[in-house]
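Input: a single structure, listed below in structure tokens.
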Amino acid sequence: MSRSGAMDLASGLGGKITKDEVKSAVDEYEKYHGYYGGKEEARKSNYTDMVNKYYDLATSFYEYGWGESFHFAHRWNGESLRESIKRHEHFLALQLGVKPGMKVLDVGCGIGGPLREIAKFSLASVTGLNNNEYQITRGKELNRVAGVSGTCDFVKADFMKMPFSDNTFDAVYAIEATCHAPDPVGCYKEIYRVLKPGQCFAVYEWCITDHYEPNNATHKRIKDEIELGNGLPDIRSTQQCLQAAKDAGFEVIWEKDLAEDSPVPWYLPLDPSRFSLSSFRLTTVGRAITRTMVKALEYVGLAPQGSERVSNFLEKAAEGLVEGGKDKARSLKETLWRSKKHLMKLRSLKSSYAYEEMLKCV
């Protein structure tokens, strides 16, 4: 039930922001970001407002162009984008050992594409945690249509302050979501708190690699574009994320850059040199059609003022992601930057018994 047409896209633009306030919301959102002169401190101290504005403004575009699961995936030759996304989610569930009857938490669940897929794949019960009212409303409707309302639900809350008791969940995962956290240690500590002793947390995390040079103007521009177009306070390094997990109390038992040996580049769906009928809306031609359509809908009043600007900053992110990915792939000898898709599997160490079990598992 992903948004399939122009009117479906227009009806969701702005999310819970009233139509008359979309343009001012875009103004406020853009001012947070380095691309427009904004400061990292402001993004972190106002992350709730920034991220909520981002997803109110961007969710309909994501669903229209990408589907119900708002993430990338490592991909095999001959595999469609949709197939790779499903396999990516299945792989995470298998890494966690999710089984029927388990109580699982999806941290930063979007509109629930991954939680519905993982619930159907594993027969577990999955709770989606999200602080955006519009996405939860949309997710509940998609749950109803998919027939999973009995095993999948949503809780509206900040993942820095979860409304769950200690030791509630058998497994926790996050897919490209905790990158929105202003403080990774604080976020991981909350996940650690609600996870049962000895159980695992798996995360697909946005990271920058060791090739990133903060004083390199090109690297900085690419980073700013991605933060703007993806609602990120900051993109942290792999080592920062790994250390944050350890500081939160976890033991890292498996971690890997899934982009390194992916036969198909992770950024391919956004590559302007590529054409695909199966994911036409993500191609250069498809995105140009979407831009023109949104501009026309805004002009005639069916889409709120500011909608075209949302399309533009999402395009800016796409450009930054592809440029970063291609530059790194082009020459390993150069000191270049690219976005890194990183999976960590973390075991909670809440007791010496859990530590012994972890050693046996490893």
Side-chain angles (χ1 to χ4, degrees), residues 2 62-99 106 109-124 126 146 171 173-177 179 200 202-209 211 226 230 238 241 253-287 317-332 336-345:
S2 294
Y62 271 111
E63 191 177 349
Y64 176 78
W66 206 267
E68 296 176 20
S69 295
F70 302 166
H71 61 82
F72 288 96
H74 59 306
R75 189 167 162 191
W76 300 108
N77 290 317
E79 187 176 45
S80 71
L81 176 62
R82 186 177 296 271
E83 289 169 342
S84 71
I85 285 173
K86 285 180 179 290
R87 180 177 52 77
H88 202 56
E89 293 163 358
H90 295 173
F91 176 70
L92 183 145
L94 290 169
Q95 285 290 312
L96 275 177
V98 178
K99 298 175 183 177
D106 180 330
C109 62
I111 60 173
L115 72 83
R116 283 185 289 277
E117 187 63 33
I118 288 174
K120 289 185 286 186
F121 176 73
S122 66
L123 301 181
V126 187
Y173 68 85
I175 303 177
E176 300 182 22
C179 49
C200 288
V203 55
Y204 290 130
E205 191 66 276
W206 281 74
C207 303
I208 55 174
T209 71
H211 299 283
I226 295 170
N230 288 280
T238 302
C241 289
I253 59 175
W254 192 80
E255 57 92 8
K256 181 178 176 61
D257 178 5
L258 296 177
E260 288 292 341
D261 56 3
S262 179
V264 178
W266 59 269
Y267 57 82
L268 188 68
L270 302 175
D271 188 345
S273 66
R274 162 194 168 275
F275 184 82
S276 170
L277 289 175
S278 62
S279 51
F280 176 74
R281 289 174 180 172
L282 297 177
T283 64
T284 302
V285 176
R287 296 195 329 243
E319 292 168 6
L321 288 166
V322 173
E323 184 178 358
K326 280 192 169 182
D327 279 351
K328 177 61 172 66
R330 189 175 298 134
S331 174
L332 294 176
L336 296 166
W337 185 94
R338 70 172 175 81
S339 178
K340 183 172 184 177
K341 297 301 303 163
H342 206 82
L343 174 66
M344 290 185 288
K345 183 178 177 183

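Taking NZ of Lys99 as the reference point, atom CG of Leu123 lies at 13.0 Å (rounded to 0.5 Å). Taken from NZ in Lys256 to CG in Asp261, the straight-line distance is 4.0 Å, to the nearest 0.5 Å. Atoms CG and OG1, from Asp271 and Thr283 in turn, are 11.0 Å apart once rounded to the nearest 0.5 Å. Interatomic distance, Ser273 OG to Leu268 CG, rounded to the nearest 0.5 Å: 7.5 Å. With rounding to the nearest 0.5 Å, the separation of CD in Glu89 from CG in Leu115 is 9.0 Å. In this structure, SG in Cys179 is found 14.5 Å from OH in Tyr204, a value given to the nearest 0.5 Å.
Looking at heavy atoms from C-beta onward, Val203 lies out of side-chain contact with Cys241 at the 4.5 angstrom threshold. Annotation: side chain of His74 is not in contact with side chain of Ser84 (no heavy-atom distance under 4.5 Å). Residues Thr238 and Thr209 have side chains not in contact (no heavy-atom distance under 4.5 Å, counting atoms from C-beta outward). Two residues are said to be in side-chain contact when any heavy atoms from C-beta on lie closer than 4.5 Å; Glu63 and Ile111 meet this criterion. Side-chain contact check for Pro114 versus Asp106: some heavy-atom pair is nearer than 4.5 Å. With a 4.5 Å cut-off on side-chain heavy atoms, Leu258 and Trp266 do not count as touching. No side-chain heavy atom of Val126 sits less than 4.5 Å from a side-chain heavy atom of Val98. At least one side-chain heavy atom of Leu94 sits under 4.5 Å from a side-chain heavy atom of Phe121.
Ring geometry for Trp206 against Phe72 counts as perpendicular: the plane angle is over 60°, on a 0 to 90° scale with 30° as the lower cut. Ring geometry for Phe70 versus Tyr62: interplanar angle under 30°, hence parallel rather than tilted (30 to 60°).
Side-chain atoms of Arg75 and His88 include no donor-acceptor pair closer than 3.5 Å. With 3.5 Å as the limit, one finds no donor-acceptor pair spanning the side chains of Glu117 and Ser69.
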Problem - Intermediate values then yes/no, side-chain contact (heavy atoms from CB on, under 4.5 Å), Trp254 and Gln95 - result: CA-CA 9 Å; Trp254 192 80; Gln95 285 290 312; 3.9 Å; yes

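Nearest approach of Ala202 to Leu92, heavy atoms of both residues: CB-CG, 4.2 Å. Closest approach of Val322 and Pro272 over heavy atoms only: CG1-CD, 4.0 Å.
Of the possible donor and acceptor atoms, one in the side chain of Arg287 sits under 3.5 Å from a partner among the backbone N and O of Leu270. Between the Trp66 side chain and the His71 main chain, a donor and an acceptor come within less than 3.5 Å of each other.
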